[in-house]
Asks: 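Okay, handing you the structure first.
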Amino acid sequence: MAVARNLLGARLVRVIGEERRSGRIVETEAYRPGDPASHAFRGETSRNRSMFGRPGLAYVYFTYGSCHCVNVVCEPEGVGAAVLIRALAPEEGAAGMARARGRESDLASGPGRLCQALEIDRRLDGVDLLASDVLYLAAGDPVRDSQVASTPRIGISRARDLPWRFAVAGDPHLSRRARSHATA
DNA sequence: AAGCCGATCTTCT
DNA sequence: GAAGATCGGCTTG
């Protein structure tokens, strides 16, 4: 999907009081209407409600008892589609991310990790990523087509064959599963 | 380097 | 009752 590909290189910025933490998006994954792997597939629930909101909103969910993940809603209101942000290359506020993560490496190289590093949880579900001043998207360095790897999605059991995962080829900050998975 | 396990919330069967 | 858009630690090879 176009939005997932075009988010590569953009920045995700988190402001916590006086502190700024940000990173360049290096890995995304698209979840579209009619997609059996999408949280929206079985209709609207209290958890996925914001996925059906207007484009640019954040959909933040909690899973596996311990991990949050952020998505960017990208279809008109009522449709139910989003792009999962899977990995960031840390830029501003790496020290704060390390504090939040309790480690110095792999600060944002995974969908759950980046939420921990940026202190994103369900309280940020539904914020407008194009207007908020606590969590928002900003322009970054565009990524050339020659650097983009488009491959099957990871971490799901249904519709695995759809090539809707996008990554900056060879980037050192890709998610663990992207690294063990062939990234061609 | 790769694979299993536990943690433990939300939804679905 | 089980599986899931995961992570980190431990075990095995």
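Residue numbers start from 1 in every chain, and the chains themselves are labelled A, B, ... in the order their sequence lines are given, proteins ahead of strands.
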Asks: Rounded off to whole Å, could you give me the CZ-to-P distance for the A:Arg160 and C:dA5 pair?
Replies: 11 Å

Asks: Ignoring hydrogens and angles, tell me if any N or O in the side chain of A:Asn71 forms a donor-acceptor pair with the backbone of A:Tyr59 under 3.5 Å.
Replies: yes

Asks: Among the nucleotides C:dA5, B:dT11, C:dC7, which one has an atom lying closest to any side-chain atom of A:His39?
Replies: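 That would be C:dA5.
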
Asks: Can you tell me if A:Arg165 and A:Thr151 form a side-chain donor-acceptor pair at under 3.5 Å?
Replies: yes

Asks: When A:Ser175 is tested against each of A:Arg86, A:Arg113, A:Glu29 for side chain to side chain contact (heavy atoms under 4.5 Å, CB included), which residue passes?
Replies: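 The passing option is A:Arg86.
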
Asks: State whether A:Arg179 places a side-chain N or O below 4.0 Å from either non-bridging phosphate oxygen (OP1 or OP2) of B:dA1.
Replies: no

Asks: Establish, yes or no, whether the cationic atom of A:Arg11 lies under 6.0 Å from the six-membered ring centre of A:Tyr136 and within 45° of the ring axis.
Replies: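 Checked: cation-pi criterion not met.
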
Asks: Nearest whole Å is fine: how far is C:dC7 P from A:Phe62 CZ?
Replies: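 Rounded to the whole Å, the gap is 13 Å.
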
Asks: Give one of base, sugar-phosphate or nothing for A:Thr45, where a contact means two heavy atoms less than 4.0 Å apart.
Replies: sugar-phosphate

Asks: May I ask you to evaluate whether A:Ser66 reaches the phosphate of B:dT8, defined as a side-chain N or O under 4.0 Å from OP1 or OP2?
Replies: no

Asks: Does C:dT6 have its OP1 or OP2 closer than 4.0 Å to a side-chain nitrogen or oxygen of A:Arg177?
Replies: yes

Asks: Could you run down the sub-3.5 Å N/O contacts of the protein with nucleotides 8-12 of chain C?
Replies:
from  : atom 1 : to       : atom 2 : distance (Å)
C:dG8 : OP1    : A:Arg101 : NH1    : 2.4
C:dG8 : OP1    : A:Arg101 : NH2    : 2.6
C:dG8 : OP2    : A:Arg113 : NE     : 2.6
C:dG8 : OP2    : A:Arg113 : NH2    : 2.8
C:dG8 : N7     : A:Arg176 : NH1    : 2.4
C:dG8 : N7     : A:Arg176 : NH2    : 3.3
C:dG8 : O6     : A:Arg176 : NH2    : 3.0
C:dG9 : OP2    : A:Arg103 : NH2    : 2.9

Asks: Nearest whole Å is fine: how far is C:dC7 P from A:Ile120 CD1?
Replies: 13 Å

Asks: Give A:Tyr64 one of three labels, base, sugar-phosphate or nothing, depending on what nucleic acid heavy atoms sit under 4.0 Å from its own.
Replies: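 Answer is base: heavy atoms of A:Tyr64 come under 4.0 Å of a base.
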
Asks: Using atom P in both nucleotides, what's the gap between B:dC5 and C:dA2 to the nearest angstrom?
Replies: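 So the two P atoms sit 15 Å from each other.
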
Asks: Is A:Ser157 near enough to C:dG4 that one of its side-chain N or O atoms lies under 4.0 angstrom from OP1 or OP2?
Replies: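 True: A:Ser157 side-chain N/O within range (under 4.0 Å) of C:dG4 OP1/OP2.
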
Asks: Tell me whether the side-chain N/O atoms of A:Arg42 come closer than 4.0 Å to OP1 or OP2 in B:dT13.
Replies: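 It does, given that an N or O in the side chain of A:Arg42 lies less than 4.0 Å from OP1 or OP2 of B:dT13.
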
Asks: Using modelled atom types only, decide if a donor and an acceptor are shared between the side chain of A:Asn48 and the backbone of A:Thr45 within a distance under 3.5 Å.
Replies: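 Yes: the side chain of A:Asn48 pairs with the backbone of A:Thr45.
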
Asks: Examine distances only and state if a side-chain atom of A:Asp171 and a backbone atom of A:Val26 form a donor-acceptor pair shorter than 3.5 Å.
Replies: no

Asks: Report yes if at least one side-chain N or O of A:Ser46 is closer than 4.0 Å to OP1 or OP2 of B:dT11; otherwise report no.
Replies: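 Checking A:Ser46 against B:dT11: at least one side-chain N or O falls below 4.0 Å of OP1 or OP2.
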
Asks: Would you confirm whether A:Arg153, through its side chain, and A:Ala159, through its main-chain N or O, come within 3.5 Å as a donor-acceptor pair?
Replies: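 Answer holds: yes.
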
Asks: Would you please indicate yes or no on a ring centroid separation below 6.0 angstrom for A:Tyr61 and A:His68?
Replies: no

Asks: If I take atom CD1 in residue A:Ile156 and atom C1' in nucleotide C:dG4, what distance separates them, rounded to the nearest angstrom?
Replies: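 These atoms are roughly 11 Å apart.
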
Asks: With rounding to the closest Å, how many angstrom separate the P atoms on C:dA5 and B:dT13?
Replies: 13 Å

Asks: Nearest to the side chain of A:Tyr61 - C:dC7, C:dA5, B:dT11?
Replies: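 Nearest nucleotide to the side chain: C:dA5.
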
Asks: Between A:Ile154 (CD1) and C:dT6 (P), how many Å, whole number?
Replies: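 Nearest whole value for this atom pair: 8 Å.
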
Asks: Which is more 5' along DNA chain C, the nucleotide nearest A:Ser109 or the one nearest A:Arg47? Just name the residue.
Replies: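 On the 5' side of the pair lies A:Arg47.
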
Asks: Should B:dT8 form a Watson-Crick or G-U wobble pair with both distances under 3.5 Å, which nucleotide is its partner?
Replies: none

